[in-house]
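Structure first, then comments.
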Amino acid sequence: MKRVSIFLGAVTVILLLAGCGNEVTNKDHFNLSSLSSKQENKIEKEQAAETIEYLSLDTKIKKLASHFSAVKFGGDYKFDDFLDQGGAASDQEVLEYLTSTLLGSIDNKNLSFETKAFGCSTISVENKENGYYFGRNFDWNHCDAMIIAAYPENAYASFSTVNMDFIKQSAGFVSNFLSDKVLILAGIYAPLDGMNEKGLCVSVNMISDEDTISQNTEKPDITTTTAIRLLLDQAATVEEAIALLEQYDFHASMGYMIHLAISDQTGKSVAVEYINNEMKVIDTKILTNFYLAEGEKNGIGTKQSHTRFELLEDTLKEHSAMDRMQVRDALSLVSKGNFGEFESTEWSVIFDQSALTAIYYHRENYDKSYAFELFSK
């Protein structure tokens, strides 16, 4: 897709299309056994009670808590058109597409991009009752998070989660300048995790590496978050997700190295990594922030991401199947508050891949949850 310059005025809208939080490598000196003991004490306190709020979604943005909201969108967000015209090789090209189509009514704006590094944890595990769970922690600085339940006309319905700080205005302008419709439509193109009506789950996690992903063949192009949207819209299984990714040249947002966690309703769970721009698929139930593929890159990443992986690995060894509370406790075990860093786990989510429900926790408050059904019974 050919890049064009957009100069529409003085207001800058910044769409950051990747991120979960910087990991401070000079603090990566954890003792696994003592850390586990500390976190077990924390979990024991949390297990006493949990307040769960069952919620229905509306087309108006609903505030769930401070800096945490949810909304439903139904209709055409023109993602098929985006793919048909060649996709995008950069986040800026995604914005240019949105501006020329869905967001064309926005006046007086000059669009630009920036981003920050990120690190997260995911786990796939058998549900004791039926099917499988996919759990995910999103680690970043404090941000505005939004859950979007999308019901497109010609694609799968899905939940996805967006860091709305990735879609914001520059300093000096009121926060409500952008309409809710604009925020929602832009957010649909910027998911960081999600689950669709077939039970397929996907998450993006960063790898701390100076390398990046920029495939360059004759295939159409796709970026980090539009790849997630593609899989949520069109893939029912891990195999279908891999086949879809193989049809596009992948370009990591803002030059950061990432990998994807993908899990389906059968319990099949993989990581998709790109080594020297070649896609690698690794069977794994856990993903944090270091390379899993065999070869020269294997293990590259922060020490803390190895610690989180080991904690989740030990949990799976103890519990080959879990109930929802055990998945919650596993996510709590590796949440950022345990590591004494400046970020937090901004949200944790447990997707039930059979019941098609999503249970969210905000900012490590694991005794308060928000429950959503993709399809109301």
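Positions are given from 1, in the same order as the sequence printed here. Here the structure is a predicted model, which is why all the values come from computation and not from measurement.
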Enclosure of Asn130 CG (heavy-atom neighbours >12, cutoff 6.0 Å): no
Distance, nearest 0.5 Å, that separates CD of Glu278 from CD of Gln215: 9.0 Å
Partner of Lys297 under side-chain contact (heavy atoms from CB on, under 4.5 Å), chosen from Asp211, Ile207, Leu292: Asp211
Whether over 12 other heavy atoms sit under 6.0 Å from Glu129 CD: no
For Phe79, the option from Leu230, Leu232, Ile188 that meets side-chain contact (heavy atoms from CB on, under 4.5 Å): Leu230
Close side-chain approach of Tyr133 to Ile359, heavy-atom, < 4.5 Å: no
Asn137/Lys336 under side chain to side chain contact (heavy atoms under 4.5 Å, CB included): CA gap, chis, key distance, verdict: CA-CA 9 Å; Asn137 280 350; Lys336 278 291 188 173; over 6 Å; no
Side chain to side chain contact (heavy atoms under 4.5 Å, CB included) between Ser263 and Phe351, worked out: CA-CA 11 Å; Ser263 176; Phe351 293 119; over 6 Å; no
Residues Thr161, Asp193; criterion side chain to side chain donor-acceptor pair (under 3.5 Å); working and verdict: CA-CA 6 Å; Thr161 332; Asp193 56 49; 2.4 Å; yes
Arg308 side-chain N/O to Cys120 backbone N/O, donor-acceptor pair under 3.5 Å: yes
Stepwise salt bridge (Lys or Arg N to Asp or Glu O under 4.0 Å) test for Glu50 and Lys368: CA-CA 6 Å; Glu50 177 183 312; Lys368 167 69 174 179; over 6 Å; no
Val349 vs Phe138 side-chain heavy atoms within contact, under 4.5 Å: no
Side chain to side chain contact (heavy atoms under 4.5 Å, CB included) assessment of Thr223 paired with Tyr189: CA-CA 10 Å; Thr223 62; Tyr189 280 72; over 6 Å; no
Close side-chain approach of Ile282 to Glu294, heavy-atom, < 4.5 Å: no
Nearest-0.5 Å distance, CD1 of residue Ile123 to NZ of residue Lys285: 10.0 Å
Ring centers of Phe82, Tyr77 separated by less than 6.0 Å: no
Distance (rounded to the nearest 0.5 Å) between Thr345 OG1 and Asn365 CG: 12.5 Å
Side chain proximity check, His251 to Asp221, heavy atoms < 4.5 angstrom: yes
Output field: ring centroids Tyr370/Tyr360 closer than 6.0 Å: no
Full working for side chain to side chain contact (heavy atoms under 4.5 Å, CB included) between Phe339 and Thr307: CA-CA 10 Å; Phe339 296 90; Thr307 301; 4.2 Å; yes
Any side-chain heavy-atom pair of Phe68 and Ile147 under 4.5 Å: yes
Contact check, side chains of Met146 and Val71, non-hydrogen atoms, under 4.5 Å: yes
Test of ring centre spacing under 6.0 Å for Phe290 and His306: yes
Pairwise side-chain contact, Gln85 with Tyr97, heavy-atom cut-off 4.5 Å (strictly under): yes
Flag side-chain contact, heavy atom, 4.5 Å: Ser203 against Leu287: no
